[in-house]
Protein chains: 2
Amino acid sequence: MSGRRVTIRDVAERADVSISTVSHAFSGSRPISAETRERITRAANELGYEPNPSARSLRTGRSGIVGLILRPRFALVGTSDRAETFNRLVGSVATEALRRKTGLIHVPDIDDPRAAKVPMDGCIVAHPYSGDRVLTEVLRRHIPVVTVEEDPERPELPWAVRLDYPPVVDRLLDHLKRQHASDIMLLTGTESNAWNVRTRESYRAWCRTNGVPARIDELSEGLTHEEAAQLIGPLLAAPDRPDAIVVATSDFAALIARVAAAQGVRVPDELMIASFTDSEHSRTADPAITAMDLNHENLAKEAVELMLARIAGAEAPEKPVVISPVLHLRASTLRSPH
Amino acid sequence: MSGRRVTIRDVAERADVSISTVSHAFSGSRPISAETRERITRAANELGYEPNPSARSLRTGRSGIVGLILRPRFALVGTSDRAETFNRLVGSVATEALRRKTGLIHVPDIDDPRAAKVPMDGCIVAHPYSGDRVLTEVLRRHIPVVTVEEDPERPELPWAVRLDYPPVVDRLLDHLKRQHASDIMLLTGTESNAWNVRTRESYRAWCRTNGVPARIDELSEGLTHEEAAQLIGPLLAAPDRPDAIVVATSDFAALIARVAAAQGVRVPDELMIASFTDSEHSRTADPAITAMDLNHENLAKEAVELMLARIAGAEAPEKPVVISPVLHLRASTLRSPH
DNA sequence: TACGTCGATCAAAACGTTTTGACTCACAAC
DNA sequence: GTTGTGAGTCAAAACGTTTTGATCGACGTA
């Protein structure tokens, strides 16, 4: 706080050169004599000079900062399981950005006029909704953007990393079928992001291919565990109870397992359970729950890489980068042979 | 990308006023006639004008951005359990910052000249080491700082949030004693942050008070699970095996539980286990492991609040804000009465 | 009438950099 | 002896805002 910040002008004065010389000395953009350079660095050190990032980026048009916008609504409220998903994605992106020596900023709600406006060279938008309003805004401002998972209404954006669901969903459903499931139900989420939309499609396609009717119901991501339990109870008690349920989130999967246990429905023998996200929850539940892992770490790594390439002026890639989810088969879908 | 960015000058031209009038219209710092204001906002909308954050903060000296520096070395490498700690803290701070409509930036290594320099009004430094070099650098630059947990060598900094270990450590150790533990060993971490330093002190103090010898060993946070297992095996096989172990991290706690199981040492009857961090791991291990939860969510909330107060020019508080860790007693330390 | 006040606007300065064009030497090449 | 070249330096412009002082009517008050 002690008085004014020290500027390049102070350094120049102390080293008895012009400010442009100081600038050149630091950037190396022009030759500077060894003797002068020495004087300048000494002056800078003595004064504790640090270039002002705002001034620098105003001039250069670059801030060295990448923005991050997470679209899941569950960013701010939600169960611990959702928080885990959020935290894991944020942590992964941050880790990768740090490794690349670039600043990563969490962008406050971009169209709230009261929110701070931040300088960024580009922006990663993760899990946009259909026709996502924030993504629209970012595009309108001509901010270079990379999406993690596409906006289902804008699948054409080439700067994207996306997950390849169909093979993994197929493998999961094939597996269930081999375990003698004859009535596989899908409890899908209600948010209109690619994860919900495309896993649902994959399920439908598999059903068509296998000549079985699709059986889909929705379970909103916004439900509390109590509310969800209210819906699941009757489903498991009904005469036409499915013999396998694939549910969007792993916390609901764990919840179904608990409800099943309470109603005396045996897992996996009478009911198999699997989910489209993984978490510590599903790993350590009893029985452990089969889950598709969204591979956030790789998603994050590729997204940051793509973003930096785009900022550096690279050509748009032909196609999005594709990452494969990882399937973890666990006890909840492994029936003992009899 | 289409051509140049649109500036306040373009808006002024289009609305046929001076640029200062445009600025006043947006900031409301001087009265502007309704008719003019209308023309200006229309022009701004048509052009898609957004003020340049760098120019603004250059002029005002404020960026609306808070920096975040996480000191645990395990930020970038480590087991999934450490990643969970990292992720949870990052996620909590980010969530709180977003709620407060301020930008939050992960600061790339502050004294790496190749790393991007970022504009920030202040900086949160979490879990600094003793005499932390990064904290020193931040202070040298007169960047307003708030620490999460103090630097053990600089306990006097008033702008801090810290955890109140002694009562909770006492409660844990009292509990173990009541469960008939007579030889409680502490496996402390080796990093010199407040968490390690102060929990160790608390343990020592309790031992003094209770007239039992302190038994402390170190288990470096940097060890892989394999390496740690190498050390733990002999400890559990030795004739003077303790009947209770308190270990710093929850992943090592879970590891000890596994080693114990492999060696036929019954938990909790022959060996009780507890840890100074909590995680999904310890919650769902079998048996579930007693743990102290660092309460990252509250830590984060208070830290952001303090930071914003400091930036807004508030007086330095008398004392640091104190948060209480939460103790979760679980099966690993609950002996069945016999 | 003279005077202060207020609303509405403008022009200019300032924030702290980077970059560009120009200048001065010294030295080598023709 | 001119010409060219490169090293080393400086002055000035530019980046896009916000803020301050000034101007100019209109209006109410002494």
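Side-chain atoms are counted along with the backbone in the values below, which use heavy atoms only and exclude waters and symmetry mates.
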Strictly under 3.5 Å: I want the nitrogen or oxygen pairs between protein and nucleotides 8-10 of chain C, one per line.
unit_1: C:dT9; atom_1: OP1; unit_2: B:Ser33; atom_2: OG; d: 3.3
unit_1: C:dT9; atom_1: OP1; unit_2: B:Thr36; atom_2: OG1; d: 2.6
unit_1: C:dT9; atom_1: OP2; unit_2: B:Ser33; atom_2: N; d: 2.9
unit_1: C:dT9; atom_1: OP2; unit_2: B:Ser33; atom_2: OG; d: 3.3
unit_1: C:dT9; atom_1: OP2; unit_2: B:Thr36; atom_2: OG1; d: 3.2
unit_1: C:dT9; atom_1: O4; unit_2: B:Arg30; atom_2: NH1; d: 2.7
unit_1: C:dC10; atom_1: OP2; unit_2: B:Ser18; atom_2: N; d: 2.9
unit_1: C:dC10; atom_1: OP2; unit_2: B:Ser18; atom_2: OG; d: 3.1
unit_1: C:dC10; atom_1: OP2; unit_2: B:Thr21; atom_2: OG1; d: 2.5

### Task
Using atom CZ of A:Arg62 as one end and atom P of C:dT18 as the other, report the distance to the nearest whole Å.
15 Å

### Message
How many whole angstroms separate atom CG of A:Asn52 from atom P of C:dC15?
### Response
12 Å

### Query
End-to-end bend of the helix from C:dT1-D:dA30 to C:dC30-D:dG1 (five-pair axes, 10° rounding)?
50°

#### Entry: Residues that B:Arg62 engages under salt bridge (charged side-chain N to carboxylate O under 4.0 Å, His left out), provided they are two or more places apart
none

### Query
A:Arg59 side chain N/O closer than 4.0 Å to the phosphate oxygens (OP1, OP2) of D:dA14?
no

### Message
Angle between ring planes, B:His106 versus A:His106, binned at 30° and 60°: parallel, tilted or perpendicular?
### Response
tilted

### Task
Please work out if A:Ser23 contacts a base, only the sugar-phosphate, or nothing of the nucleic acid, heavy-atom cut-off 4.0 Å.
base

### Message
Just to verify, what does B:Arg59 make a salt bridge (charged side-chain N to carboxylate O under 4.0 Å, His left out) with, not counting sequence neighbours?
### Response
none

### Query
What is the nucleic acid contact for B:Tyr49, judged by heavy atoms within less than 4.0 Å: base, sugar-phosphate only, or nothing?
sugar-phosphate

## Note on the structure
Contacts of A:Arg14 meeting salt bridge (charged side-chain N to carboxylate O under 4.0 Å, His left out) (sequence neighbours excluded), chain-then-number -> A:Glu46

#### Entry: salt bridge (Lys or Arg N to Asp or Glu O under 4.0 Å) contacts touching residues 100-112 of chain A (sequence neighbours left out)
A:Glu96-A:Arg100, A:Arg100-A:Glu305, A:Lys101-B:Asp112, A:Asp109-A:Arg133, A:Asp111-A:Arg133, A:Asp112-B:Lys101

